[in-house]
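Each remark here refers to the structure printed beneath this line.
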Amino acid sequence: MFKKDLGTAPRQKLKSSIQRSLRNSLLDTYPLLQPYADDFFPKKASLEQVRVPVDRVNVYVLDGQPLFYQQDTAHHGLVIVPHLKLVHRYPDAFPTIRIDRGAIRFVLSGATLMAPGLTSKGGRLPIPKEGSEAQEEEETSEEESEEEDKNGEEQGEKKQKVSNEGVDEDGHWSRELKKGEPVVVMAEGKEEACAVGILVMGTKEVKEKGKGPVIEEGHYLGDGLWRMHLD
């Protein structure tokens, strides 16, 4: 998606209402970023939209630093995806999967990430904590039946669930990730994330099938978005 150089793209300052909406969407998508929000995205900051020459994609920049991009997907609408520089600042705030050593060169050339790179010995897919799936189903049911009932107690329960998410000592995320969710890609033997993208297959299905594409288009180290001049 960002294989080519993006060059110098026009910027547009955003109205405070749009900026506030984007900030809320970012934190809703990545709740574990909440403790750091005022550090990297202050409420009174001046966010800019950068129109890049990539279909259905807008990049958002603050003080010359890329924060995230918004991708208009065919089946999941607008999805907010973090820039890798933001991921590297707060590596524990994003859902992750891990590829094996053999898949690294393919991912860093912009190739589609395939399931075998995740299901091998060096790969890592989520291992849900006990009761996490049942908890998620219960909360989904409550949201559907009581959509308008959003009191402080429910918000507290949501935050408590989010705080339990994370990576275990072996690199497994604590819940299954669904098709259409953005995910950070770690690599065997490497400390920092190498890519980020949107899942075209849920992690549970990846385990069951063991083959097929998992991320078709993404942002990876050294691509046009990484090299983009924003100063």
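Bear in mind that the values here come from a model prediction, so they are computed numbers and not experimental data. Throughout, residue positions are numbered sequentially from 1 according to the sequence presented.
- In this structure, the separation between CG on Leu84 and SG on Cys194 is 8.0 Å, given to the nearest 0.5 Å.
- Taking the charged nitrogens against the carboxylate oxygens, Glu176 and Lys204 have no contact shorter than 4.0 Å, which rules out a salt bridge.
- Between the CG atom of Asp92 and the CD atom of Glu165 there is a distance of 13.0 Å, given to the nearest 0.5 Å.
- For Asp170, the CG atom is densely surrounded, since the number of other residues' heavy atoms within 6.0 Å is greater than 12.
- If you chain together hydrophobic residues whose side chains sit under 4.5 Å apart, Leu78 and Leu14 never meet in one group.
- The line from CG of Leu47 to CD of Gln19 is 5.0 Å long, rounded to the nearest 0.5 Å.
- Taking NZ of Lys179 as the start and CD of Glu205 as the end, the distance is 7.5 Å to the nearest 0.5 Å.
- Side chain of Asp63 to backbone of Gln65: no donor-acceptor contact under 3.5 angstrom is found.
- Going from atom OG of Ser25 over to atom CZ of Phe68 covers 8.0 Å, rounded to the nearest 0.5 Å.
- Under a 3.5 Å cut-off, the side chain of Thr203 and the backbone N or O of Leu177 do form a donor-acceptor pair.
- With Phe2 as the partner, the ring-ring contact (aromatic ring centres under 6.0 Å, His included) test is satisfied by one option alone out of Trp226, Tyr69, Tyr220: Tyr69.
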*Kindly determine whether Phe40 and Tyr90 satisfy ring pair (Phe, Tyr, Trp, His ring centres under 6.0 Å), including the steps that lead there.*
CA-CA 10 Å; Phe40 73 87; Tyr90 308 106; 5.5 Å; yes
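- The two residues Ile80 and Leu22 have their closest heavy-atom pair at CD1-O, 4.1 Å.
- The two residues Thr29 and Pro182 have their closest heavy-atom pair at CG2-CG, 4.2 Å.
- Remark: the backbone N or O of Gly122 is paired with a side-chain donor or acceptor of Arg98 at under 3.5 angstrom.
- Atom NZ of Lys190 is surrounded by 12 or fewer heavy atoms from other residues, nucleotides or ligands within 6.0 Å.
- In plain terms, the two heavy atoms of Leu27 and Leu33 that are nearest each other are CD2-CB, 3.9 Å.
- Ion pairing between Glu217 and Lys3 fails under the 4.0 Å rule for side-chain N and carboxylate O.
- Between Leu62 and Pro42, the shortest heavy-atom distance links the atoms CD2-CD, 4.0 Å.
- From His83, atom NE2 reaches atom CE of Met228 across 8.5 Å, with rounding to the nearest 0.5 Å.
- Here the side chain of His88 pairs a donor or acceptor atom with the backbone of Ala193 at under 3.5 angstrom.
- Hydrophobic clustering (side-chain heavy atoms under 4.5 Å, transitive across Ile, Leu, Val, Met, Phe, Trp, Tyr) keeps Leu199 apart from Ile127.
- In this structure, Arg89 and Asp39 approach most closely via the heavy-atom pair NH2-O, 4.4 Å.
- Between the side chain of Gln71 and the backbone N or O of Val57, no donor-acceptor pair lies under 3.5 Å.
- Heavy atoms only, all atoms of each residue included: Leu86 and Leu67 are closest at CD2-O, 3.3 Å.
- The main-chain N or O of Ser17 is never found under 3.5 Å from a side-chain atom of Ser21 such that the two would form a donor-acceptor pair.
- Put simply, the side chain of Glu181 gets close to the backbone of Lys178: a donor and an acceptor are under 3.5 Å apart.
- Looking at His219, its side chain never comes within 3.5 Å of a backbone N or O of Val196 through a donor-acceptor pair.
- Of the possible donor and acceptor atoms, one in the side chain of Ser174 sits under 3.5 Å from a partner among the backbone N and O of Gly166.
- Arg23 has a carboxylate O that lies under 4.0 Å from a charged side-chain N of Asp38, or vice versa, which qualifies the two as a salt bridge.
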